[in-house]
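Reviewing the structure listed below.
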Amino acid sequence: MKVRHIVLGLLSISVIAPIFLYTDRVGSFVNPSSSRRDFLDDVSAFTVPGDTRHLNVLHQETSAALKEPIGVVYSDNSTVTREHKSARVLSATDEERQQQQLSNPIRQVIDRAPPGLTTALDSHPNASDISAIELEQQPTQPSGKIVQEHSDNKHDRLTEPADAQVRHLKDQLIRAKLYLSLPAIKNNPHVTRELRLRVKEVTRALGDATKDSDLPKNAVDKLKAMDQSLEKGKQIQDDCAAVVKKLRAMLHSSEEQLRVHKKQTMFLTQLTAKTLPKGLHCLPLRLTTEYYTLNSSQQNFPNQQKLEDPRLYHYALFSDNILAAAVVVNSTISHAKHPSDHVFHIVTDRLNYAAMRMWFLSNPPGKATIQVQNIEEFTWLNSSYSPVLKQLGSPSMIDYYFRAHRASSDSNLKFRNPKYLSILNHLRFYLPEIFPKLNKVLFLDDDIVVQKDLTGLWSLDLKGNVNGAVETCGESFHRFDRYLNFSNPLISKNFDPHACGWAYGMNIFDLAEWRRQSITEVYHRWQRLNRDRQLWKLGTLPPGLITFWKRTYSLDKSWHVLGLGYNPNVNQREIDRAAVIHYNGNLKPWLEIGIPKYKIYWAKYVDYETVYLRECNINP
């Protein structure tokens, strides 16, 4: 009888204990966790006196022999999931984990479980209340990790570049073209056709987009489809050496194409800068026709008695561009405190003389005085007096400018502009001869816009200097060695290669001091020495730097801000503070290639409703 009780007791331990360990049904009948803990304590403390042999009725497992659930890992591309074939696992409360870490068999099961499963059990929001977690063919993903990844993905989307998808699509096109050029892909017609189709789809979706918002709605679908096709190509192509070789060839080809395109861009930009837009060609023709319909009395400007009054503010403007000259005059008068005290002396060539006069006759600048002169009227300016005029008419100089096969050097391309053949550019060196009765003149280029009153320049003390200008030595390429040939001993002995350059465009000239120091003779002497262009290339700034060497007074930079004709990153604060902004460079505001954000400063001084502009189809 005693043996029977022992056998029944052992059977109860062997059968009932596993039921409590691996089912959740009994847990629903055991109310508080303390009752469950008491029961488990009783089971773990249960001993059979006198006989400790193992029974063969059931295979007995110790707590140390409990096995972890069998896991199977499935791999689908880059996604890895883990499924467990065990049906249920018990979880204890945080307090129970601490108390039963060594004695509790449930804790041992959890500790021996795979890492993903353990994290899931520990981080479950209701871990203290649940009795089991069911894992029936579900990936074990920690809930806390899901929340974190969701937060991270949201943050990534917020900080994602505006052109991330555009760049991804471009990268896909490069990879697709690379695969299509490899032998292994070429030998697979199906993949080749698929990649070519994807290339067409992505190219159409990409279009001219520069940011993700420019892409069509189906761009994401095209991107995913291309990724799938590229993955197929990746599986077929396993020769890394061939891929690297092809990529190097593509890189070399791209660099060569970039070099060619840069050269073409430079040439076309220079060509555009030399040409005259159709509207600006129409305008002088229309104005000239209108001018010669006027009688002689209608062709004269008022207030001509002010032209030689040294007490007034005199401006020198040499230009053949009617609209540009109009903007200079209009912007200056718009900011002048006393417009009637301002006199503009405009000199142009024979072709534009009538048109220039007609423009200012029909569009007078308020109370200011206008004078328009023809350079042909300066009979004293001839080749016997001016060395530069003699040089400009020489066959070698014309050959230098106009023979296309000679214009192959990029470094000289900017100097091969026929505008340098115009004597208008060199009139700035003859100001005392043009204005014999004036003491000070403000020289203005025709590609500037005035934003403030300039009368303060006449009261400046130039301290015995002839030229007042803004220095441009903030950048290395604006120093003397950028413009002059210091390998020539005549240059190296007389000038400092690191001396600070200055800018033409807005210069106050003291004509009295000019005459006293015989500056025109200095200019002529250096022009004779440079007859073979060995001292400097053509243009007016290099001879200006030489002529006014140690005779230039540095003005505050706020008087004259440069770069709006080539630099899209001019400091906005400097532009706003500037008295004069200068569109030096090829990107003039009246050309289509002008920098759009800087055109507005120029365009607001053009009245596009003027009948002549409408007839010539000149629009903002």
Using a 6.0 Å cut-off, check whether atom [atom1] of [X] has over 12 heavy atoms from anything other than its own residue.
| X | atom1 | result |
| --- | --- | --- |
| K599 | NZ | yes |
| R577 | CZ | no |
| D208 | CG | no |
| Y608 | OH | yes |
| R350 | CZ | no |
| K262 | NZ | no |

Between [X] and [Y]: side-chain donor-acceptor atoms closer than 3.5 Å:
| X | Y | value |
| --- | --- | --- |
| S319 | N321 | no |
| N465 | N467 | no |
| Q517 | R551 | yes |
| Q534 | N530 | no |
| N488 | N485 | no |

Whether the side chain of [X] engages the backbone of [Y] through a donor-acceptor N/O pair (distance < 3.5 Å, no angle test) should be reported.
| X | Y | value |
| --- | --- | --- |
| S383 | K390 | no |
| N617 | R614 | no |
| K440 | W458 | yes |
| R167 | A164 | no |
| N352 | T348 | no |
| N303 | T369 | no |
| Q391 | L389 | no |
| T610 | D607 | yes |
| T265 | H261 | yes |

Taking [X] first and then [Y], would you say they form a salt bridge - that is, a charged N and a carboxylate O separated by under 4.0 Å?
| X | Y | result |
| --- | --- | --- |
| E290 | R286 | yes |
| D445 | R428 | yes |
| K588 | D447 | yes |
| R311 | D309 | yes |

Are [X] and [Y] close enough that some pair of their side-chain heavy atoms sits under 4.5 Å apart?
| X | Y | result |
| --- | --- | --- |
| Q165 | L215 | yes |
| L562 | L564 | no |
| H345 | I434 | no |
| L283 | L613 | yes |
| L511 | N439 | no |
| I581 | E574 | no |
| T455 | H338 | no |
| Q299 | Y291 | yes |

At their closest point, which heavy atom of [X] faces which heavy atom of [Y], and how far apart are they?
| X | Y | answer |
| --- | --- | --- |
| E513 | G464 | CG-O, 3.4 Å |
| A469 | A503 | CB-O, 3.8 Å |
| M356 | I346 | CG-CG2, 4.1 Å |
| Y605 | V450 | OH-O, 3.9 Å |
| L381 | S386 | CD1-CB, 4.1 Å |
| A209 | D214 | CB-CB, 3.6 Å |

> Checking side chain to side chain donor-acceptor pair (under 3.5 Å) for the pair H342/Y315: CA distance, chi angles, key distance, verdict?
Replying inline: CA-CA 8 Å; H342 295 258; Y315 301 84; 2.8 Å; yes
Working to the nearest 0.5 Å, report the span between [atom1] of [X] and [atom2] of [Y].
| X | Y | atom1 | atom2 | answer |
| --- | --- | --- | --- | --- |
| M358 | Y353 | CE | OH | 13.5 Å |
| T520 | E433 | OG1 | CD | 4.0 Å |
| K493 | F486 | NZ | CZ | 14.0 Å |
| I423 | I375 | CD1 | CD1 | 6.0 Å |
| F548 | N507 | CZ | CG | 8.0 Å |
| W536 | I546 | CH2 | CD1 | 4.5 Å |

Hey, can you tell me if [X] and [Y] have their rings parallel, tilted or perpendicular (30° and 60° cut-offs)?
| X | Y | result |
| --- | --- | --- |
| H524 | Y430 | tilted |
| W502 | Y504 | perpendicular |
| Y385 | W380 | perpendicular |
| Y523 | F429 | parallel |

> Can you name the side chain to side chain contact (heavy atoms under 4.5 Å, CB included) partners of E592, sequence neighbours left out?
Replying inline: none
Under 6.0 Å between ring centres, would you say that holds for [X] and [Y]?
| X | Y | answer |
| --- | --- | --- |
| F509 | W514 | yes |
| H314 | F435 | no |
| Y553 | W559 | no |

>> Apply side-chain contact (heavy atoms from CB on, under 4.5 Å) to residues Q451 and V580 and explain how you reach the verdict.
In response: CA-CA 6 Å; Q451 299 188 128; V580 170; over 6 Å; no
> Can R357 and F360 be said to form a side-chain contact (heavy atoms from CB on, under 4.5 Å), step by step?
Replying inline: CA-CA 5 Å; R357 291 182 68 88; F360 286 104; over 6 Å; no
>> Could you walk me through whether V441 and L438 satisfy the side-chain contact (heavy atoms from CB on, under 4.5 Å) test, starting with their C-alpha distance in whole Å, then the side-chain angles of each, then the deciding distance to 0.1 Å, before giving a yes or no?
In response: CA-CA 7 Å; V441 167; L438 299 181; 3.9 Å; yes
>> Using ring pair (Phe, Tyr, Trp, His ring centres under 6.0 Å), reason through W590 and Y598 one step at a time and then give a plain yes or no.
In response: CA-CA 11 Å; W590 55 83; Y598 297 150; over 10 Å; no
> For I448 and Y583, what are the C-alpha separation, side-chain angles and deciding distance, and is it a side-chain contact (heavy atoms from CB on, under 4.5 Å)?
Replying inline: CA-CA 6 Å; I448 63 103; Y583 294 84; over 6 Å; no
